[in-house]
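Quick notes on the structure that follows.
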Amino acid sequence: MNLNRRDFLRLSAGAGSGTALGGLLSAGVNLAPSLAAAQELRIKDAKTTPSICPYCSVGCATLVHTSNGKIINIEGDARSPHNEGCLCPKGAAIFQLHVNPNRPTQVLHRDPGATDWEVWDLDRAMTRVAQLVKQTRDETFIEKAENGKLVNMTSAIFALGGATLEIEFNHIHQKLMRGMGIVAIENQARI
Amino acid sequence: MAEPMGFFTDTTVCIGCKACEVACKQWNQLPSPEGGANTMSGDSYDNTRKLDGINWRHVKFVEQFSEDRVGGRWLLMSDVCKHCVRAGCLEVCPTNAIIRTEFDTVVIQSDVCNGCGACVAGCPFGVIDINPVSKTAQKCTLCYDRLQAGMEPACSKACPTDSIQFGPVRELRERGAKRVSQLNDGGESRAYLYGADEKMLGGLNSFFLLVDKPEVYGLPPDPKLPSRNLVPASMFSALGALLVALIGVFSFRERRSGEGEDRP
Amino acid sequence: MSEIASSTWFTTAPHWGWLIVFYYLFGGLAAGSYFIAALIDLIGRREDRPIARMGYFVAIPCLMVSGVLLLVDLYRPDRFWHLFLQSNTMRPIFQYWAPMSIGSWGIIVFSLFALLSFLAALAESRHLSWGWAGHLRPPSIVGRVIAVLGILMAMYVAGYAGVLLAVTNRPLWSDTPLLGMLLGVSAMSISASLLLLIARWRGLKFPGVRSLDRFDSWVIGLTLLVLVAVIVSLGSVARVWLSLWGALLLVAVLVGMIVPLFMRWRSARSAQTSALAAVMVLIGGFILRTVIVFTQQGIQP
Amino acid sequence: MEDSDCIVIMGSNMAENHPVAFRWPMKAKVQHGAKIIHVDPRFTRTSAVADIYAPLRAGSDVAFLGGLIRYVLESERWNSDPFFKSWVATYTNASTLISEDFRDTEDAAGVFSGLMAYKGGMPEWPFNGFTNEYDGQSWQYARGAVGDQGRSASSAQSGEASSTQSGSKEPLKRDHKGPPYDDIVEHLLQPAPDRDETMQHERSVLQIVKRHFSRYTPEMVERTTGCPQATFLQVAETLLANSGAERTSSFAYAVAWTQHTNGVQIIGACALLQLLLGNAGRPGAGVMALRGHASIQGSTDVPTLYHSIHGYMPHPSALKEHDSLTEYLTGETLPTGWWANMPKYVVSYLKSMYGDAATAENEFGYDWHPKIIGDHSHMAMFAAMNAGRVKGMLCIGQNPATTLNAKLDRAAMRKLDWLVVKDNWVHETATFWKNAPEISNGEVSVADVGTEVFFFPATQVAETDGTFTNTQRMLQFHYKAVDAPGDCRSDMWFSYELGKRLKRLYAQSDELRDQGLKHLTWEYEHEDADQRARGEPSMLKILKELNGYYSDDPSRHVGGFVDLKDDGSTTCASWIYSGCYPAPDKNLTARREADAPGVRGAQLNWAWAWPANRRIMYNRASADPSGRPWSERKKWVWWDETQGRWTGYDVPDFPATKPPDDQPKPGAVGMDALPGTAAFILKPDGMGWLFVPSGLVDGPLPTHYEPVESPVNNPLYKQQASPVIKYWKDEANPLAVVGDPQYPHVITTYRLTEHYLSGAMSRWLPWLNALMPELFIELSPELATEKGIANLDWVRITTPRGAIRAKALVTRRMRPFVIDGRRIHQVGMPWHWGYEGLSTGAVVNELTPLVGDPNVSMHEGKAFVCNVERA
């Protein structure tokens, strides 16, 4: 592995004095002086908000640093007994979940048969969704089954989702669905 | 000067998760190649490929499997700037952009660097390259800004298995030696520390525990300073100049006048 | 990677490419032309002074081109001055151990001498009416001092370029201390060829033209010897040339060295042959520089 | 896991999918030399750091675990070390006798007694997927009178299987309708099961288990799983050597166990093994389920799942005798053990739904509560949707266009009248009508998709308050750091807003069907005026409803589930979460106080874990029958004689002052019916179940069945696959026959560290996407050579459901298996890609079939068959 070309050098004329100066150079450790250049810590004046990683189920604690209403940094919370400040690559990338040019911020609507989206107002969209839910519920509701049992339900509306979401969502969502008689409630836990 | 600080990267507990890569990008706000629309390298799970101006941590994946799969290994290693005690990049920088800090780490000041590329070629480990955004040479700073604020570097903080450990180099070397003997006692005789003593460039402040030859991990077995060639190369250049000068004197001096008639 | 020839295999190629190839070409021509010109001025025949003047005239534009190339090769050309002044303290920087630093200074100093000689040449050819400028060339004392120092700086500039490559960790470049010698010697050879070509083209018949031919042949011979030494010193690293780059190197050797030597040996006094050989030496020199700069680029860990 | 001496990771690629959780096994390994064993079809990043890597063919897990069970039962150490005998006799049902009618798979060619054609279900809902079912009557404990032993705590049953009805008691004739319900509980009491303390009786559970697993020899393990015998034995020896009084071993699994048609049985086999080894309820022991989503535990606890209501109580079902609250309680309450408290939890739940309108007179509004009429699970719903029976879908934080026979799923979605997608990214489901492959290739025209589609942008985690429940049952509150941009709103906002609007729309209705909605309590106005103006609900008010409060004074929170009553005086949505928010100023889920470094403890002041902040469940088992720690090293919870109570590092999961020598009182109910050694308090007999007499619909003991699609015949039994799997027959859901030469290779699907699920939360992030930028298929060089495929070539992968393309990643980490004498190739594909995002790729789930586990309707994505060729 190590080459014999060094031997070649040793034979050559200038090498003797070269070694002396080379030795001086290498003994000098570092020729440039040591410096301390004061650094600006970019979260110095930031507000810190405790948060939790939204990816897998380990529940790593994070700290969100904000400045002027903008997120500037998200890193692990070293106090947490789950992660002691560690994060996986996804957890380390939470910042880009928030600050990301690919992120949608408007309500989109597509009419049956339409070839593209249309941007809708939030209120208009909610009004329409509530109407559709009511209409479908009313059309498909089963009060009593064929065998005479009281069931008070509809299976024509499917409520899907929840495993990456807060328990508060899970609670009020399933409460609303069951309150309306919608029983087909599922989330990722089963897939 | 504060106590020398560094990394001890124990490759035997690395799980190749790349949290270090992302945590580094997050803290230092580094971009991804092609805005993230990268291509697959086909080299195991490594799509980062190498350390450069926007990848200051790089996890390497080395698959070692024989045909019968017996005793197969998948070596994983998070590579980073070695923060050499005798640093090649620092030697060759013409602008003093590269400094040795109070933590004995090596930092490129992006506001000073003019992107000449000398350090890129000078680094014995291929750590540095130009960041296409800042158009300056960049590499791991060992989170100089965080260190000054008493915080741990982003990568070692994120590392889920403590494969990357941060601390005073003296302490890390003790820890590393202990881990090597633990592994040796447990039957892993191949474990050793790479760069933990002065023999390698005066010591690497960021050193590694490996279980195979350095070149298997893409590390030079015998890294050297670029300045090793300065004197010999200069001498030979001078020798060349001298010889040419002699030929010149021999060719052009006045007494040769009259010899130089061209044939028509 | 089955076997690694050198620890330099694990390093990153800098972005130095065609700009640097041309820099080496023009920088070499500038240094070599000045070197030959000043040497003729110092020890040559008086009747060869126009050749020397030609050398000074060639050196300046080549130097300017090479300077621009170096500047453009920086990723941040706006910060080129950081090479000379510490940007945050405004103190001058001179790092004698960093070839890029001393090289930059060297080019500046050399440019100064080249400029002075250039002015003298201009004055002599009556393109410039500053009478004092004529004294900046030998045989005046000032002129001799300038020429001697200028020769030293030219030799320095021709040689440092290769030292810059050696003081890295790249395969080939830093695996031999002889690239500076090779590039320096070759710079003299291509410069002699360029001056020859101009002389032949302009139909000059000074005795110095023959001297140039002779000088060039000897220097080519020396270049060949140094190249052999380079390959020997590389040891197993030389296998990087078991590639297209190696083939190209062979082309450089044949076109730029063997064939011109042979042509000059066969028909020593033919002006056409001499000119053709000079062209081939220049082409060979260019290819040699291309091979030296680019061979290492494909080698990455 | 940090306390484990040996950690077996099986059915999980823990290092890749739960890197931070993997911190603890690695600490155990580095700090006290714990052994890490990885059993997996692929050599993954987990295998890379494991001490032992055991390869096995995807879908052969029960054979491997069965082999371990047999090894343990036959080993000298297990039969001689007094720890195991004491543990198994006291804490498991090993000595209980099983009904004389029980026939094991050994006697019945691979099926259990009671198999019959499916006859359950209601005509309104033909989507239950069953073909056969078991009558579990013969699996019961033998006792004076045969009767139902009730459900297991985490019952997966939803009622579609008619057999679950067997054994339920005649409803009690009551003279009153409402509370108290003690009479029902007492009425349910049965004679104690027969036992043989020597465990030698041939119908004792231990002997049945021994006979059942006798054919799982090391030779058979190798033949079936492809794992070399030597490696298997190394695993078995290591596991046994690290179990006992002084040492504990743990298992970690994830979806690679659950995504099988016998997933519940795989987990059961592991639980059985761990119970035999005494690895339960003790530090460093147990079976850890590594779940995939931030709050998947929460979404099971607070069930956005059709089959249960809060706290693992079964959803009222038209398929069972659930016509009134009394009948429901009669059918579902267990008279002995903790579940005897169920009436309190159900009534408090109904109070949380209907508030003051829920009274004793109207059975707390029970009639308003809907009943399920069959399997409404994910796959069943998509089958129904494909049949045109589903009109609308609210899809919130999920991406079904890329899951489970994705092409069928998208065809089904085209039949919807409307679809609401609420997500952070405009993902594949949101654009299924626009950018799906069948649209791009012209198979389906955009204009023909008659679905009205909405996309609502959501907040990200730091843009809202809320609580996630992690896989260790820990509730952790997170705070809002910034307001979300534009029209991004929290998911809570959406439900709250929709509820407010619907309540307005129905305000005038007098119909019975609308009474539930009209009476639904729906007041979660935010405390903060700004947030109120945005319409965001108050998380604390929602959390308070989960915790519970006194009905007559809502400002008084209940302190925990022991405070709950069955008379309507307490309101509590989720009994298991009760105690997380015990006072208006004490939100325990928001606590962030860690134990001092170096102090042994259970981190009891970090957030809050259910139940009642216990960190290890069933931790009574960490002490021996007399209440002393099994060993100093494995001390956790013990009986303090002087104080007369249980104490330790954790909250004891046991009545605090019930002495270890306590004996059940005759005729008592609940915990009083169990002895002081009944560590498994949610079980009606207080014991860990080696043999599961009820609660499972596919057999009381784990049995190796081949996956539905397999290249080989079952080497162990005549019965090929589980006889009771769920399969939704559809022309878009065909299956390959056993050994189909068109589809000779086993394919398994999985996730990568760098991506998340369908990629919706990762393929838009440059930092993550760049790390794994393209879809690939991993295959061995042996297969690649056979097929002329080079690394990075495009490969075409086909199954009976579809064909997709991916780049080849040829690696020796994949290997061919010799199964039953034949060389079987196996390939693997991550399934993170789709047609949206920074990197796009084929939807791997276009390959997967709609087949499911009969207990939980979980699909089989981890083992099916395919063909590969160069594209």
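Numbered from 1 within each chain, the chains take letters A, B, ... in sequence-line order.
In this structure, the separation between CE on Met235(B) and CG on Leu178(C) is 13.5 Å, given to the nearest 0.5 Å.
Residue contact with chain B, scored on non-hydrogen atoms closer than 4.5 Å, involves the backbone and the side chain of Trp218(C) alike. For a residue to count as touching a neighbouring chain, one of its non-hydrogen atoms must lie under 4.5 Å from one of that chain's; by this rule His15(C) touches chain B with the side chain only. For Leu39(C), the part sitting under 4.5 Å from any heavy atom of chain B is the side chain, from C-beta outward, and nothing else. Residue contact with chain B, scored on non-hydrogen atoms closer than 4.5 Å, involves the backbone and the side chain of Leu83(C) alike. Contact of Val219(C) with chain B is made through backbone and side chain together, with heavy-atom distances under 4.5 Å. The part of Val127(B) that comes within reach of chain C is its backbone (N, CA, C, O), which places non-hydrogen atoms under 4.5 angstrom from that chain.
Not a single donor-acceptor pair under 3.5 Å links the side chain of Asn205(B) to the backbone N or O of Gly6(B). Proximity of a side-chain donor or acceptor of Thr105(B) to a complementary backbone N or O of Thr101(B) within less than 3.5 Å is not detected. Judged by distance alone, the side chain of Ser274(C) and the main-chain N or O of Ser270(C) form no donor-acceptor pair under 3.5 Å.
A cation-pi arrangement is absent between Lys135(B) and Tyr75(C) under the rule of less than 6.0 angstrom and at most 45 degrees off the ring axis.
For Arg200(C) and Asp213(C), the salt-bridge test passes: some basic side-chain N is under 4.0 Å from an acidic carboxylate O. A salt bridge is absent between Asp212(B) and Arg190(B); no separation between the charged side-chain nitrogens and carboxylate oxygens falls under 4.0 Å.
Of the listed residues (Ile130(B), Asp52(B), Leu242(B), Thr136(B)), the greatest number of heavy-atom pairs within a distance under 4.5 Å of chain C belongs to Ile130(B). Ranking Cys89(B), Pro214(B), Ala245(B) against chain C, the residue ahead of the rest is Ala245(B), based on heavy-atom pairs under 4.5 Å. With chain C as the partner, the residue from Ala97(B), Gly240(B), Cys116(B) showing the most heavy-atom pairs under 4.5 Å is Cys116(B). Among Cys113(B), Pro124(B), Ala241(B), Ala238(B), the residue with the largest count of heavy-atom pairs under 4.5 Å with chain C is Pro124(B). The residue among Leu212(C), Leu182(C), Asp73(C) with the most heavy atom pairs within less than 4.5 Å of chain B is Leu212(C). Put simply, of Gly88(B), Gly122(B), Pro223(B), Ala137(B), the one with the most heavy-atom pairs under 4.5 Å next to chain C is Gly122(B). Highest contact tally toward chain C, considering only Pro132(B), Ala121(B), Ala233(B), Gly117(B), is held by Ala121(B) [criterion: heavy-atom pairs under 4.5 Å]. Contact count versus chain B (heavy atoms, under 4.5 Å) is highest, among Leu74(C), Leu222(C), Leu183(C), for Leu74(C).
Under the side-chain contact (heavy atoms from CB on, under 4.5 Å) test applied with Phe252(B), the options Leu42(C), Ile51(C), Asp41(C), Ile36(C) reduce to a single match, Ile36(C).
Within residues 151-167 of chain C, the residues having any heavy atom under 4.5 Å from a heavy atom of chain B are, by residue number, Met155(C), Gly159(C), Val163(C), Ala166(C), Val167(C).
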Passes side chain to side chain donor-acceptor pair (under 3.5 Å), Ser6(C) versus Asp175(C)? Steps please. CA-CA 8 Å; Ser6(C) 160; Asp175(C) 289 319; 3.0 Å; yes
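Between the side chains of Ser251(B) and Arg214(C), no donor-acceptor pair of N or O atoms lies under 3.5 Å. In summary, the side chains of Gln138(B) and Asp129(B) do not present any donor paired with an acceptor at a separation below 3.5 Å, with no hydrogens or angles considered. In this model, no donor atom of one side chain and acceptor atom of the other lie less than 3.5 Å apart for Tyr45(B) and Glu63(B).
Note on ring orientation: taking the six-membered ring where Trp is involved, the planes of Trp18(C) and Phe294(C) are tilted (angle from 30° to 60°).
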